[in-house]
4 protein chains.
Amino acid sequence: MDGGDVSGAGRGDKYQRILDAAVEVIAEHGYFNSPVSSIAARAGVADGTIYLYFKSKDHVLRTAIDAVFSGFFSNIREEISRIPDAREQLRAVARLHLEGLAAHRPLAVLLQTELRQSAKFVADFSHQHMKDYLNLIREVVRRGQQQGVFRKEISDRVAAHCFFGALDEMVSAWVFTGRPFEPEATASQVLGVLFGGIATIPKDGRE
Amino acid sequence: MDGGDVSGAGRGDKYQRILDAAVEVIAEHGYFNSPVSSIAARAGVADGTIYLYFKSKDHVLRTAIDAVFSGFFSNIREEISRIPDAREQLRAVARLHLEGLAAHRPLAVLLQTELRQSAKFVADFSHQHMKDYLNLIREVVRRGQQQGVFRKEISDRVAAHCFFGALDEMVSAWVFTGRPFEPEATASQVLGVLFGGIATIPKDGRE
Amino acid sequence: MDGGDVSGAGRGDKYQRILDAAVEVIAEHGYFNSPVSSIAARAGVADGTIYLYFKSKDHVLRTAIDAVFSGFFSNIREEISRIPDAREQLRAVARLHLEGLAAHRPLAVLLQTELRQSAKFVADFSHQHMKDYLNLIREVVRRGQQQGVFRKEISDRVAAHCFFGALDEMVSAWVFTGRPFEPEATASQVLGVLFGGIATIPKDGRE
Amino acid sequence: MDGGDVSGAGRGDKYQRILDAAVEVIAEHGYFNSPVSSIAARAGVADGTIYLYFKSKDHVLRTAIDAVFSGFFSNIREEISRIPDAREQLRAVARLHLEGLAAHRPLAVLLQTELRQSAKFVADFSHQHMKDYLNLIREVVRRGQQQGVFRKEISDRVAAHCFFGALDEMVSAWVFTGRPFEPEATASQVLGVLFGGIATIPKDGRE
DNA sequence: CATGAATGAGCGTTCATTCAT
DNA sequence: GATGAATGAACGCTCATTCAT
């Protein structure tokens, strides 16, 4: 495009404005309750303009989510690559996950809601992102097991799901309640639970 | 119009058939891709009949979900009340949670997807169920802490979220991948992680 | 046709009313300039009602035209079957063709215009009807040649096209000018030209 | 900007390129399925450029057709003026008509289809051309009647319509079937039918 | 002259809901 | 109660046309 300025109403940054508007509007009302006209209005463009940049309403949402995941992944991978210890890697993932979403609530809302829509939408599209993310976590878990810092008797798959599920739930709780959210502290607490476990006496799965 | 709700199982089984049909159809195609006429057809009733029992399409879904949660809760509460040990109580919750959903895939699909539609829907409606469920888990955690079997230094809120999030994620993984699911074994694995933690050396949050 | 159902706004004949309305509206404004809403309004039904009876706007037009052709064909075939002489058969075709269209101007307009739309529409659909009609005429021509009443040295294909083309043009002239039309007299004149030819001296193709 | 095809093709031929592109594109997809942007793309100009030369999409098509008819007429008039015999004049018209369209299939398609779009379009616009053409033919017929080579008892109007209708149908048959077309031979066959008639015994309108 | 991004009215179609039977 | 034909508002999307560059 042309050199876009940030001059308020914006000039040449329609593409990004549409993406942002879509995330906001859909986060507020849901995908199927968000007419294209609402997204256009929020973005400050005409309805038809959206179709100059995207093939369909669907495509707008997919693009927005793809962009988020891409940025998210490359960010995490980069940070992780600089950390040798698997425990610290997992800690970094937790922090980045929570910080990333805490920084942009509409996005978090969207990820906790629309991403889990009807089978078709999720299966065809966002499921791949989920798999990628989970695989990344599994790798870290396996690395920790090789390093001897994570217990070998637990499944890396299950551990990764528990880890992701716990983080995801913390975000959901925030998103659906709206209470203040402190990503750093939350990450710390979640890791406290997941690393050390809930039980006092190492009775379960721990001899 | 409807003059209140149809008390109990009602006369004909149409009421229940509509609920079942709604769960199935919506699980397959999603809420917004499930015309009322499809639900009616699946239930074997006329379109208009649905409005004799429910005041809107929305109401059908809400009622179905309410029924599920109610049954789920009373079931869990009853089972738990017979168990003295908090660890065993949590174990029972995990088992019932996974078994309950494993036994009825369409329901599981619906809970993992449609329940999280738009923030508004969740906030207005299903969030209350979630809160009830989480409170139930928190109570168990606190009981365990009093009993000395769960570590006192972790937040019961965080522990409950981690526990629920982990279970939820296992269901999601099943729902979105379709791979065979063994609730008993899965419950056991999840508890292995959550009770004992991932880490070997009690470094984190554990002295 | 139209002079029939004057009985109030009509009740259960919506199917036919939609077809009639479609023919009228499309004849007046053309297929692409006739919104479904206009057809619905003319038929005295709601927009959505049209989709209870037809799959699409396209389908309405196809159905109308199919009905016309079907009625037209069976009518012509029946009349022809009772006539032994090929010349009289051709005469009957001409008369029925012109009378049939003269009796329902909107239909004639539609056949002279929309039926010849863009390649896809014509090729896929109405072309088959045309072929059937032309084949019927060719058969009559061949029969006349066998009977010795039509010249053997002319191609039945070309003769049939000339015959149809001449009739078609007479209809077009009427449709586009709006001048009064006498099907009987016109048929007679056209046959006068086609049977006897234009030329006085049998110079051309006639020895 | 684009630095495209500035070479050779010349500067100011845009007007003609747009007309040609319109004929091609509309012949392929029909008027209403041919966005202005497609015509512009085919012509190698920007969408807006079309509006520098024409005041609407409609105007492009009208202009193209006007040009065709004008060229066609002046050509026919000139050729005819050099021929004394009315039979040969008619023969020339048939040949030029068929050759002219055979030489440029997109144009033929357009004339057989889009020209007959809606009654309104035809009535408002192309009908005048048709009338001119038919009058030209009628003149030739009358001339032949005066020369004694055409039968006086047939209406020049009807004869002209039959003649034009027959030619038109031959073109339609070619356009809609796509079979190979030999204008010279076809003209000859059509004239064989129209000059000499179909019937053997001069029974009809011929004593 | 030429561009092509932007506009927004208008389209075909769907579907939650109503109501006469 | 039960039906299902009928409604009409609302949607996603297209494209003729304009206008700042």
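The sequence lines fix the lettering, A, B, ..., with proteins before strands; numbering per chain opens at 1. It should be emphasised that the depicted structure is a prediction, and the values quoted were computed from it without experimental measurement.
Annotation: side chain to side chain donor-acceptor pair (under 3.5 Å) contacts of B:D47 (sequence neighbours excluded): none. Scored by the side-chain contact (heavy atoms from CB on, under 4.5 Å) test, D:S56 finds D:D58, D:H59 as partners (sequence neighbours excluded). Residues that satisfy the side-chain contact (heavy atoms from CB on, under 4.5 Å) test with A:F69, not counting sequence neighbours, are A:I65, A:F73, A:L111, A:L115, A:H129. D:A108 meets the side-chain contact (heavy atoms from CB on, under 4.5 Å) test with D:L101, D:V171, D:W174, D:V175; sequence neighbours excluded. A search for side-chain contact (heavy atoms from CB on, under 4.5 Å) contacts involving A:V45 returns A:K14, A:R17, A:I18, A:A40, A:A43, A:T49, A:I50, not counting sequence neighbours.
Across the protein-nucleic acid pair, A:H59 atom NE2 and F:dC13 atom C1' stand 15 Å apart, rounded to whole Å. When the C1' atom of E:dC15 is taken as reference, atom NE2 of B:H29 falls 16 Å away, rounded to whole Å. Between the CZ atom of A:F54 and the P atom of F:dT14 there is a distance of 15 Å, rounded to whole Å. Distance D:D58 CG to F:dT17 C1': 14 Å, rounded to the nearest Å. Summarising the geometry, the separation between NZ on B:K55 and P on E:dT17 is reported as 10 Å, rounded to the nearest angstrom. Atom CG of C:D13 and atom C1' of F:dA5 are 14 Å apart (whole Å). When the P atom of E:dG4 is taken as reference, atom OH of A:Y15 falls 21 Å away, rounded to whole Å. Between the P atom of E:dA5 and the CZ atom of A:R17 lies a distance of 16 Å, rounded to the nearest Å.
Distances shown here put a side-chain N or O of D:Y53 below 4.0 Å from the OP1 or OP2 atom of E:dA2. For the pair B:Y51 and E:dT17, the criterion of a side-chain N or O lying under 4.0 Å from OP1 or OP2 is met. Distances shorter than 4.0 Å separate some side-chain N or O of D:K14 from OP1 or OP2 on E:dA2.
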Strand DNA chain E in bracket notation, Watson-Crick/G-U under 3.5 Å with | for pairs to another chain: .||||||||||||||||||||
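The cationic atom of C:K57 (NZ for Lys, CZ for Arg) does not lie both less than 6.0 Å from the six-membered ring centre of C:Y51 and within 45° of the ring axis.
Side-chain contact between A:T63 and A:Y15 is present, with at least one heavy-atom pair separated by less than 4.5 Å. Between D:F54 and D:L19 the shortest side-chain heavy-atom distance falls below 4.5 Å. The closest side-chain heavy-atom distance from A:L61 to A:L110 is below 4.5 Å.
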Give me, pair by pair, the N or O atoms of the protein and of nucleotides 8-11 of chain F that are less than 3.5 Å apart, along with how far apart they are.
| residue | atom | partner | partner atom | Å |
| --- | --- | --- | --- | --- |
| F:dG8 | N7 | C:G48 | N | 3.4 |

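Both B:G44 and A:S56 sit near DNA chain F, but only B:G44 has its closest nucleotide nearer the 5' end.
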